[in-house]
A.B. asks: 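Below is the structure I would like to discuss, written out as structure tokens.
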Amino acid sequence: MRTRRGFIRSLCATASVFSLDQLIEASPVGIQFVNVARDAGLKTKTIFGTEQKNKFLIETTGCGVAFIDYDNDGWLDLFFVNGTRFEATYAPGEAPVSRLYKNNRDGTFTDVTLQAGVARMGWGQGVCVGDYDNDGHTDIFATYWGDCAMWHNNGDGTFTDVAAKAGVTTDPANGQKRWNTGCAFVDYDRDGHLDLFIANYIDFDPKTTPLPESGPCLYKGLLVACGPPGLKGGKNILFHNNGDGTFQDVSAKSGILNTPGTYGLGVLVADFDDDGWPDIYVANDSTSSALYRNNHDGTLTDVAIEAGVAYSPDGKPQAGMGVSAADYDCDGRLDIVKTNFAGDTHSLYRNLGNMTFDDQTYQAGLGKNTRFLGWGIGFLDYDNDGWPDILVCNGHVYPEVGETDAEAGYRERKILYRNLGNRKFQDVSMDAGPGILEKVAGRGCAFGDFDNDGDIDVAVNCVNDFPQLLRSDSTLKNNWLLVKTVGTKSNRSGIGARVICSTDQHRQTDEVRSGGSYLSQNDLRVHFGLGSAEKADLEVRWPSGMVDKVPGVAANRVVTITEGKGLA
């Protein structure tokens, strides 16, 4: 007799035969993720390195994606970072550039890249957003191998690259290009102005970096791009916002350079020790990860080893990629999840308080999947039951692996874990729709409600492929809230604000954050699933120290809370 799960797999494999309603109705999880990218107008391919064989590691990393409401119309737009190829030539107007798509509010997007002025070519990597000059318009920072771009939002649908003017150029005077990766806006000194943290991977120069043949560099008998082990790690950067549109490099002064070569990728900002000051976690590849504790005096100290978030449970370094934070067990403390290389598990660190964590990967049920190579990751409450679930975006690093049985092949499906509410997760990937099962070389992924229907959708940037936009379609009747924050004394974006959502039966905690996942940017609005509750009490603890309490907020809507004024 065919099992229910087998029936779902059959449905997903022949989705064109069945209606979407039939798929959702048959799904035991009540939702289906469906890739609607092409119908939505996301038709530009991301170019990143050669497609069959890579000479250099930079051809493998791919790039990120951002959900951003750049025009303040209440609907999420999309920004996809793009890459290039070595020794490639392009006809005029055909070079790959990063893409900005405007949300048309009807499920489709319009490519406004040229009109907006953000068509930059190069080895793009990551993206983060925030209103760094507090003018009410969200700005974009994009990282590159080489100088980065600070796209100032002019408020009229256009952007201007002010990186040089603002003082956030990243290449040193010796001409060596820096390999900038993950980034995040963060008000680390709580002065009301967003500062900027940028992770760095390796000091890369194609003229001196060993080639696969000369290494030789092997992976399971295949010649592959060399590194990062054996290569010099890059140094992270911290820029302090001067409050006048310019920044100052305070990397040395702040103490973050006391951590040696890092191989830094994903950047995660959150107040992990509940002292009201933002800390910074960096997923490092092939070495210990870093957790910069905020010392409240303009300095930060790496305490990852003492905190228990540097290594695997058996004390080994891991190949960290993407990162996300949430209070997955609803105890009021923010926990960490991190993706790692194939043959390893992902890492789930439960926050015990006082800047200590316990690795709960196996106890929570995340140790079952070791075939996949994870990149972007996010906590998301896909079923709006009030318990954060986990979605992982996968794809092998080496195209040479091809579609073989080595791990899960080069193109890989995603993993979706359902939070059972008892500190355990259940793998429901096979039941969650064709968008989860479609195999791609995924890299960056971002989470946000692009159609404002109350459930979280996912944007994915793929290597040498078209993007994915996984729309969440649900038959569940659970309620929800989306909370937008507007700072007045704090930074205008409200980044760093802690939002607490309480119902009669449940209490959730989250923060407004820039950056995260793998080199990507989620919706700045904070999402809460409410289950059957029809209203919730909201509390916002602002970076300034101010607290706003808004009781009895009706469910199933987007609300705006302004610092000192409450609900708009």
A.B. asks: Using only heavy-atom distances, determine whether the side chains of Thr361 and Asp359 contain a donor-acceptor pair under 3.5 Å.
C.D. replies: yes

A.B. asks: Keeping the roles fixed (side chain from Asn354, backbone from Thr356), state whether a donor-acceptor pair exists under 3.5 Å.
C.D. replies: no

A.B. asks: How about Glu534: does its CD atom have over 12 heavy atoms from other parts shown lying under 6.0 Å from it?
C.D. replies: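 Open.
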
A.B. asks: Does any non-hydrogen side-chain atom of Leu538 lie less than 4.5 Å from one of Val559?
C.D. replies: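 A side-chain contact under 4.5 Å exists here.
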
A.B. asks: Rounded to the nearest 0.5 Å, what separation is found between the OG atom of Ser472 and the CG atom of Leu380?
C.D. replies: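 Reported to 0.5 Å precision, the distance equals 8.0 Å.
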
A.B. asks: Any side-chain donor-acceptor pair under 3.5 Å between Asn522 and Ser517?
C.D. replies: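 No, because no side-chain N or O of Asn522 sits under 3.5 Å from a partner of the opposite role on Ser517.
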
A.B. asks: Please determine, by modelled atom types, if Asp302 and Thr259 share a side-chain donor-acceptor pair under 3.5 angstrom.
C.D. replies: yes

A.B. asks: Run the numbers on Tyr70 and Phe79 for ring pair (Phe, Tyr, Trp, His ring centres under 6.0 Å), then give the verdict.
C.D. replies: CA-CA 10 Å; Tyr70 79 92; Phe79 181 85; 9.9 Å; no

A.B. asks: In terms of the angle between their ring planes, are Tyr417 and Phe425 parallel, tilted or perpendicular, with boundaries placed at 30° and 60°?
C.D. replies: perpendicular

A.B. asks: Taking the side chain as every heavy atom from C-beta outward, state whether Val250 and Tyr188 have any atom pair closer than 4.5 Å.
C.D. replies: yes

A.B. asks: Heavy atoms, side chains only, cut-off 4.5 Å: are Phe197 and Cys183 in contact?
C.D. replies: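 Sidechains of Cys183 and Phe197: no contact.
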
A.B. asks: Decide yes or no on side chain to side chain contact (heavy atoms under 4.5 Å, CB included) for Lys338 and Leu268, but give the supporting numbers first.
C.D. replies: CA-CA 10 Å; Lys338 173 171 68 77; Leu268 177 65; over 6 Å; no

A.B. asks: What pair of heavy atoms forms the shortest contact from Gly136 to Asp131, and how long is it?
C.D. replies: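 Closest pair (atom of Gly136, atom of Asp131, distance): N-OD2, 2.7 Å.
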
A.B. asks: Taking all non-hydrogen atoms of both residues, which atom of Gly233 and which atom of Tyr263 are closest, and how far apart?
C.D. replies: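 Residues Gly233 and Tyr263, closest heavy atoms: CA-CE2, 3.6 Å.
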
A.B. asks: Have Asp285 and Tyr201 got a donor and an acceptor in their side chains that come within less than 3.5 Å?
C.D. replies: yes

A.B. asks: Check the side chains of Asp449 and His527 for a donor-acceptor pair under 3.5 angstrom, ignoring hydrogens and angles.
C.D. replies: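 No, no side-chain donor-acceptor pair sits under 3.5 Å.
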
A.B. asks: Go through His152 and Asp135 one step at a time and tell me if the side chain to side chain contact (heavy atoms under 4.5 Å, CB included) criterion holds.
C.D. replies: CA-CA 10 Å; His152 175 263; Asp135 66 353; 3.5 Å; yes

A.B. asks: Can you tell me how far CD1 of Ile256 sits from OG of Ser251, rounded to the nearest 0.5 angstrom?
C.D. replies: 4.5 Å

A.B. asks: Given side chains that start at C-beta, do those of Asp358 and Tyr349 come closer than 4.5 Å, heavy atoms only?
C.D. replies: no

A.B. asks: Under the side chain to side chain contact (heavy atoms under 4.5 Å, CB included) criterion, do Glu563 and Lys489 qualify, and how do the steps go?
C.D. replies: CA-CA 7 Å; Glu563 184 176 14; Lys489 186 177 180 181; 3.9 Å; yes

A.B. asks: For Asp187 and Pro543, indicate whether the former's side chain and the latter's backbone hold a donor-acceptor pair under 3.5 Å.
C.D. replies: no

A.B. asks: Can you confirm whether Phe239 sits close enough to Asp249 that some side-chain heavy atom of one is under 4.5 Å from a side-chain heavy atom of the other?
C.D. replies: yes

A.B. asks: So how far is it from Leu334 CG to Asp510 CG, rounded to the nearest 0.5 Å?
C.D. replies: 6.5 Å

A.B. asks: Check step by step if salt bridge (charged side-chain N to carboxylate O under 4.0 Å, His left out) holds for Arg418 and Asp383.
C.D. replies: CA-CA 9 Å; Arg418 180 188 177 194; Asp383 51 4; 3.8 Å; yes

A.B. asks: Main chain of Gly386, side chain of Asp381: is a donor-acceptor contact present, judged purely on distance under 3.5 Å?
C.D. replies: yes

A.B. asks: Provide the closest heavy-atom pair for Leu348 versus Phe379 in the form atom of the first, atom of the second, distance.
C.D. replies: CD1-CZ, 4.0 Å

A.B. asks: In the structure I gave you, are the side-chain heavy atoms of Arg507 and Ile500 within less than 4.5 Å of one another anywhere?
C.D. replies: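 When only atoms from C-beta onward are counted, Ile500 and Arg507 do touch, with a gap below 4.5 Å.
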
A.B. asks: Against the six-membered ring of Tyr144, is Arg120 placed for a cation-pi contact (under 6.0 Å from the centre, within 45° of the normal)?
C.D. replies: yes

A.B. asks: Please report the interatomic distance CZ(Phe247) to CG(Asp244), rounded to the nearest 0.5 Å.
C.D. replies: 9.5 Å

A.B. asks: What's the verdict on side chain to side chain contact (heavy atoms under 4.5 Å, CB included) for Thr287 and Thr262, showing C-alpha distance, side-chain angles and the deciding distance?
C.D. replies: CA-CA 7 Å; Thr287 187; Thr262 55; 5.9 Å; no

A.B. asks: Hey, are Ser347 and Asn340 close enough side-chain-wise for a donor-acceptor pair under 3.5 Å?
C.D. replies: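 There is such a pair (donor and acceptor under 3.5 Å, judged by atom type) between the side chains of Asn340 and Ser347.
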
A.B. asks: Verify the ring-centre separation between Phe141 and Tyr132: is it less than 6.0 angstrom?
C.D. replies: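 Ring-ring flag for Tyr132/Phe141: false, centres at least 6.0 Å apart.
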
A.B. asks: Just verifying a value: how many Å separate Leu194 CG and Ser490 OG, rounded to the nearest 0.5 Å?
C.D. replies: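 Here the interatomic distance stands at 10.0 Å.
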
A.B. asks: Closest heavy-atom contact between Ser98 and Thr113?
C.D. replies: O-CG2, 3.2 Å

A.B. asks: Work out which heavy atom in Gln508 is nearest to a heavy atom in Cys330; give both atom names and the distance.
C.D. replies: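 Between these two residues, the closest heavy atoms are CG-SG, 4.3 Å.
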
A.B. asks: What residue among Pro388, Cys501, Ser502 forms side chain to side chain contact (heavy atoms under 4.5 Å, CB included) with Phe528?
C.D. replies: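 That would be Cys501.
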
A.B. asks: For the residue pair Asn200 and Asn180, confirm or rule out a side-chain donor-acceptor distance under 3.5 Å.
C.D. replies: yes

A.B. asks: Could you verify whether a donor N or O on one side chain and an acceptor N or O on the other, from Asp139 and His137, lie under 3.5 Å apart?
C.D. replies: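 No, no side-chain donor-acceptor contact under 3.5 Å.
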
A.B. asks: Backbone N or O of Phe67 within a donor-acceptor pair of the Asp523 side chain at under 3.5 Å?
C.D. replies: no

A.B. asks: Taking the side chain from Asp385 and the backbone from Gly531, do they hold a donor-acceptor pair closer than 3.5 Å?
C.D. replies: no

A.B. asks: Would you name the heavy atoms of Asp77 and Asp71 that are closest together and state the gap between them?
C.D. replies: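 Closest approach of Asp77 to Asp71: OD2-OD1, 3.2 Å.
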
A.B. asks: Would a distance-only check, ignoring hydrogens and angles, find a side-chain to backbone donor-acceptor pair under 3.5 Å from Thr181 to Gly264?
C.D. replies: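 Yes, Thr181 side chain to Gly264 backbone: donor-acceptor pair under 3.5 Å.
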
A.B. asks: Taking NZ, NE, NH1 and NH2 as the nitrogens, is one of them in Asp329 or Arg350 under 4.0 Å from a carboxylate oxygen of the other?
C.D. replies: yes

A.B. asks: Any side-chain donor paired with an acceptor under 3.5 Å for Arg525 and Asn452?
C.D. replies: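 Asn452 and Arg525 do have a side-chain donor-acceptor pair below 3.5 Å.
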
A.B. asks: Hey, does Tyr292 have a side-chain heavy atom less than 4.5 Å from the side chain of Leu238?
C.D. replies: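 Leu238 vs Tyr292: side chains apart.
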
A.B. asks: Can you list the residues that meet the side-chain hydrogen bond (donor to acceptor under 3.5 Å, both in side chains) rule with Gln521, with sequence neighbours excluded?
C.D. replies: Ser514

A.B. asks: A side-chain contact here means heavy atoms from C-beta on lying under 4.5 Å apart; do Arg293 and Met355 qualify?
C.D. replies: yes

A.B. asks: Between Asn556 and Trp480, is there a side-chain donor-acceptor contact under 3.5 Å, judged purely by atom types and distance?
C.D. replies: yes

A.B. asks: Give the C-alpha distance, both sets of side-chain angles, the deciding distance and a yes or no for salt bridge (charged side-chain N to carboxylate O under 4.0 Å, His left out) between Asp69 and Lys484.
C.D. replies: CA-CA 11 Å; Asp69 181 9; Lys484 178 181 178 180; 5.0 Å; no

A.B. asks: Does Gln125 reach the main-chain N or O of Thr143 with its side chain, forming a donor-acceptor pair under 3.5 Å?
C.D. replies: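 Checked: no pair found.
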
A.B. asks: Do any N or O atoms from the side chain of Asp189 and from the backbone of Gly298 form a donor-acceptor pair under 3.5 angstrom?
C.D. replies: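 Not a single qualifying donor-acceptor pair exists.
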
A.B. asks: If I take atom CZ from residue Arg178 and atom CD1 from residue Ile198, how far apart are they, to the nearest 0.5 angstrom?
C.D. replies: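 Going from CZ on Arg178 over to CD1 on Ile198, the span is 8.0 Å.
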
A.B. asks: Looking only at atom types and distance, does a side-chain atom of Thr339 sit under 3.5 Å from a main-chain N or O of Gly322, one as donor and one as acceptor?
C.D. replies: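 Answer holds: yes.
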
A.B. asks: What I want to check is whether the side chains of His193 and Asn242 have a donor and an acceptor closer together than 3.5 Å.
C.D. replies: no

A.B. asks: Test your reading of the model: is there a side-chain donor-acceptor pair from Arg333 to the backbone of Asn351, 3.5 Å cut-off?
C.D. replies: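 Present.
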
